[in-house]
Each structure stands twice: as C-alpha cells, then as structure tokens.
Amino acid sequence: MNKRQRGILFLSTLTLLLLCACGGGGGTGGASSSPPGNSGSLPEEPSISVIAPVEPDPEPVYPYANPLTGEGLNTDISGKRPIAIMFNNLKKALPQVGVSQADVLYEIVAEGGITRIMGVYQDLDGVGDLGSIRSARDYYVNLALGHDAIYIHAGGSPQAYDAFDSWGINHIDFVNGPYDSMCWRDPERRKTAGLEHSMFTSSEKILDQMPSRFRLEHQEGYQVGWTFSKDLPDGNAPEAAKLTVPFSTYKTGYFTYEDGKYTARQTLDGTDIPWVDGQTGEAVGVSNVLVLYTDVSLVKGDEAGRMNVRTTGTGTGLLLRDGRVYEITWEREKRTDNYSFLDQSGQDIPLSPGPSYINIVSSSAQVVWE
C-alpha cells in the first residue's frame with residue numbers, strides 16, 4: 001500500500017470515529033441524546049415547594065373584662081362587689097396563701113415599721129385557701145370602701161373599729177364576730193408562728209357563708225374608673241427593669257421586670273425573702289407596679305405607735321409597666337371614690353392588662369428605679 005492509499009484510509013477511519021461520537025452513547029446513526037418526547041429541549045429545572053408563612057392565631061375577642069385588671073372574660077363580673085382581704089406580712093408568718101391570685105394588692109406601713117397587705121379579688125371563685133388573715137387599719141378600710149368591697153379581717157385597731165361604725169362598710173371580723181365557721185387556726189402555723197399568725201379562711205367558706213344581709217352587687221352607677229391598654233401610654237418613658245420601695249427599716253420591697261411581668265421579693269427585718277404563694281409555690285407577679293406618695297405620720301397619743309395615712313386628695317407617684325416608668329399624679333376626692341391615675345397632662349393613664357401592686361409610701365420615701 002502506497003503513501004496515498006494509507007492517507008485515504010486514515011482519513012476514512014477518522015471520519016467514521018467522529019460520526020460515531022456525535023451519535024451519542026449507544027445511539028444509532030444521528031439519533032438525539034435527549035430523552036424521548038423532549039424534542040431536543042433543555043432539561044426542566046427541578047420544582048421548588050413554596051411554604052406559605054403561617055399566620056399567628058388572632059387574639060380572642062372577649063365580650064367582657066375584669067374591671068380591676070382589664071383582662072378579657074366570657075362572663076360579666078363587673079357588677080359584683082369585690083372581696084378585700086387583710087394579709088399578714090411578718091417574716092415569721094410567711095408564706096402567705098392565696099395572695100398571688102389577687103387582682104390588686106395594696107401595701108402600707110403599720111406600727112413598728114411592719115406592713116399589712118390588702119388583696120382585692122373581683123371574683124373569689126376557685127381561689128382556695130387564704131391567709132394568714134390579720135387585723136384591720138382604718139386606711140385599709142377607707143380603700144376597701146372606695147372599691148365598694150366586702151372587707152375581711154381578724155381584729156383591728158381602735159381607729160378601724162371607729163371607721164366600721166361610722167362608715168357602714170360590710171365587714172367580716174374573724175376575732176370579734178360570729179364567723180367561727182368561716183375560718184380556722186392552722187395547727188402548724190399556730191405551733192411555729194403563734195396564735196395571732198395562724199388564722200385562715202377559704203374562698204369556698206366565704207362564698208358559701210356570706211351573710212345574707214350583705215349587698216352582693218354594686219349599686220347602680222358604680223365604676224372602678226381605671227383604663228387598660230396593651231399599647232404604651234403616650235410620651236417618652238425611661239426603661240425601668242428594677243424598683244426598690246423602702247417602707248421602713250423593717251420592710252423594703254423589690255420588683256424586677258422579666259418575661260412581661262414584675263416579680264416581687266422583699267427584705268423583712270434584714271432577711272431577703274423570695275415572695276412566693278404558699279399555696280401554688282409561684283412567685284408573686286403583676287403587670288403594673290404603682291408607687292403613691294402621701295402623708296404618713298404617727299397617730300398622736302397612740303401608745304402602740306399606729307399610723308395616720310392620707311388616702312384622699314392628690315399626690316405624685318410612679319407607674320411601672322412594660323419595663324418602663326411613668327411619672328403620674330393620683331387623685332381621690334373622697335373615701336367612697338377609687339383612685340384615679342393621671343399622666344403629666346392630667347389625662348387617665350392606661351394600666352397594662354393584668355394585676356396591679358400599689359405601694360402607698362411617705363412622701364420622703366427614697367424610692368429608686370433603674
């Protein structure tokens with residue numbers, strides 16, 4: 001074979017190889033490498049599933065609200081008279097039972113620098129045991145009257161009994177009244193804390209044995225008068241995650257904002273004490289903390305060192321809600337009125353829906369927030 005013939009054979013072989021390569025793997029002749037039915041088009045892009053955003057469940061809309069907390073309800077309880085209960089707050093009488101379920105808590109100094117706490121409950125149903133119950137003071141009777149509440153206590157100061165006689169308030173006295181079946185002495189408390197710190201009652205006994213002569217509904221036209229809103233009040237307000245409220249050398253209260261509420265603790269006679277409910281084990285927590293400054297003085301001639309506390313008129317104060325602090329003014333014209341809380345322009349300032357803690361202190365109290 002000459003050189004020309006070898007060249008022709010080489011070119012023929014090369015051409016054949018190129019034709020086979022263009023035919024695709026395993027194909028015949030000039031068949032396309034595209035899958036059948038695609039007519040040679042480009043492969044389709046893989047489909048991507050699009051997940052629609054999940055809409056949060058709408059907040060329920062309730063037809064009614066608790067007039068002391070602004071929280072929504074399916075039934076109307078606004079016409080009920082609330083129950084006001086006098087709680088002990090001595091160190092050896094802790095923990096209190098049922099205090100964390102109150103709609104409003106008032107705390108004011110008493111003799112010797114100790115404090116009493118009054119819990120106000122719009123609806124006692126299901127609260128359970130309550131205690132320990134302690135003696136009345138006239139300024140608490142005054143505040144209970146402003147709520148049109150039925151007041152429960154165990155004994156009281158001479159000034160408190162004068163108020164009961166003069167003001168005609170419905171009250172249940174576990175010491176000087178015919179109510180033995182509505183209360184009991186806790187044997188363990190009696191052993192460890194003493195007789196005077198062992199008085200208990202319960203929501204069931206109160207509701208089942210409420211004296212028939214007591215009016216159970218508000219008189220027509222009565223209004224608590226407080227406003228509530230989840231929205232913050234108008235105006236700039238500094239952040240305040242902690243509040244210190246000194247009542248006396250015996251008692252200082254502390255409130256810390258976390259998880260949307262203010263958790264309380266206290267120092268009693270130099271001992272720092274987490275504030276928990278002895279019935280539930282839960283910390284006492286509220287949506288609003290108020291400090292109301294007023295005149296506090298010793299009752300002249302009172303050998304026990306009891307106090308005068310002005311609860312009517314007007315004064316300055318603080319409202320802590322949603323981690324912020326607002327300067328306010330309080331007003332209360334007469335003892336049958338409830339407190340009004342006003343912003344710097346004189347308008348009602350809304351509370352956050354939920355329970356409230358109201359500290360009533362001397363105008364000279366060194367309250368600190370940070």
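Computed from a predicted structure; not experimentally measured. Scope of the values below: all heavy atoms of this structure, side chains included, with no hydrogens, waters or symmetry mates.
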In the structure I gave you, are the side-chain heavy atoms of L298 and M307 within less than 4.5 Å of one another anywhere?
yes
Under a 3.5 Å cutoff, is there a donor and acceptor pairing between the side chains of D173 and Y161?
yes
Answer yes if the side chains of E258 and T256 hold a donor-acceptor pair under 3.5 Å, and no otherwise.
-> no
query: Tell me, do Y326 and L318 make a side-chain contact under 4.5 Å, heavy atoms counted?
result: no
* Asked: Are any of the side-chain heavy atoms of V291 and V361 separated by less than 4.5 Å?
  -> yes
Problem - pair F164-Y151: side-chain heavy atoms closer than 4.5 Å - result: yes
- Message: Would you say that more than 12 heavy atoms from the other residues, nucleotides or ligands in this model lie under 6.0 Å from the CG of N176, or not?
- Response: yes
Rounded to the nearest 0.5 Å, the CD1 atom of I85 sits from the OH atom of Y121 at a distance of 5.0 Å
_Under 3.5 Å: donor-acceptor pair, side chain of T312, backbone of E333_ = no
Less than 3.5 Å apart, any donor N or O on the side chain of T271 or D269 sitting next to an acceptor on the other? no
- Under 6.0 Å between ring centres, would you say that holds for W330 and Y339? yes
Does the side chain of W369 reach to within under 4.5 Å of the side chain of P238, using non-hydrogen atoms?
yes
Apart from I114 itself, its cluster of hydrophobic side chains linked below 4.5 Å comprises L90, L94, Y250, L268, I273
_I'd like to know if the side chain of T311 pairs up with that of N142 as donor and acceptor (distance under 3.5 Å, no hydrogens or angles considered)._
yes
Rounded to the nearest 0.5 angstrom, the CZ-CD distance for F247 and Q266 is 9.5 Å
Taking it one step at a time, do Q159 and D302 satisfy side-chain hydrogen bond (donor to acceptor under 3.5 Å, both in side chains)? CA-CA 10 Å; Q159 297 86 356; D302 188 287; 3.2 Å; yes
Going by chain and number, the hydrophobic cluster around F200 (ILVMFWY, side chain to side chain under 4.5 Å) further includes V97, W184
CZ/R190: more than 12 non-hydrogen atoms of other groups inside 6.0 Å
no
_Please tell me whether H171 and F214 form a close aromatic pair, meaning their ring centres lie under 6.0 Å apart._
no
To the nearest 0.5 Å, atom CG of L73 lies from atom OH of Y64 at 10.5 Å
The residue among R116, K251, R137 that forms salt bridge (Lys or Arg N to Asp or Glu O under 4.0 Å) with E107 is K251
(message) Whether R332 and D337 form a salt bridge (side-chain N of Lys/Arg under 4.0 Å from carboxylate O of Asp/Glu) is what I want to check.
(response) no
Would you call E196 and R134 a salt bridge, using N to O less than 4.0 angstrom?
no
*asked:* Looking at D148 and R215, is there a salt bridge between them, counting it only when a charged N and a carboxylate O are closer than 4.0 Å?
replied: yes
Worksheet item: Applying the 4.5 Å side-chain criterion to the ILVMFWY set and letting contacts propagate, would V127 and I206 be lumped into a single cluster?
Response: yes
Non-hydrogen side-chain atoms of L216 and R81 separated by less than 4.5 Å | no
Practice problem: Check the surroundings of atom CD in E239: do more than 12 heavy atoms from other residues, nucleotides or ligands lie under 6.0 Å from it? | Solution: no
Next on the checklist: In the structure I gave you, are the side-chain heavy atoms of Y293 and S363 within less than 4.5 Å of one another anywhere?
Outcome noted: yes
Exercise. Report whether F87 and V109 are members of the same hydrophobic cluster (ILVMFWY, side-chain heavy atoms less than 4.5 Å apart, transitive linking).
Key: no
key: E327, CD: over 12 other non-hydrogen atoms inside 6.0 angstrom   = no
Should F174 and L124 be regarded as members of a common hydrophobic cluster, given that ILVMFWY residues are connected when their side-chain heavy atoms come within less than 4.5 Å of each other, either directly or indirectly? yes
Checklist entry - Do N89 and T115 meet the criterion of a side-chain donor-acceptor pair at a distance under 3.5 Å? => result yes
Under a 4.5 Å side-chain heavy-atom rule over Ile, Leu, Val, Met, Phe, Trp and Tyr, are L351 and F255 clustered together?
no
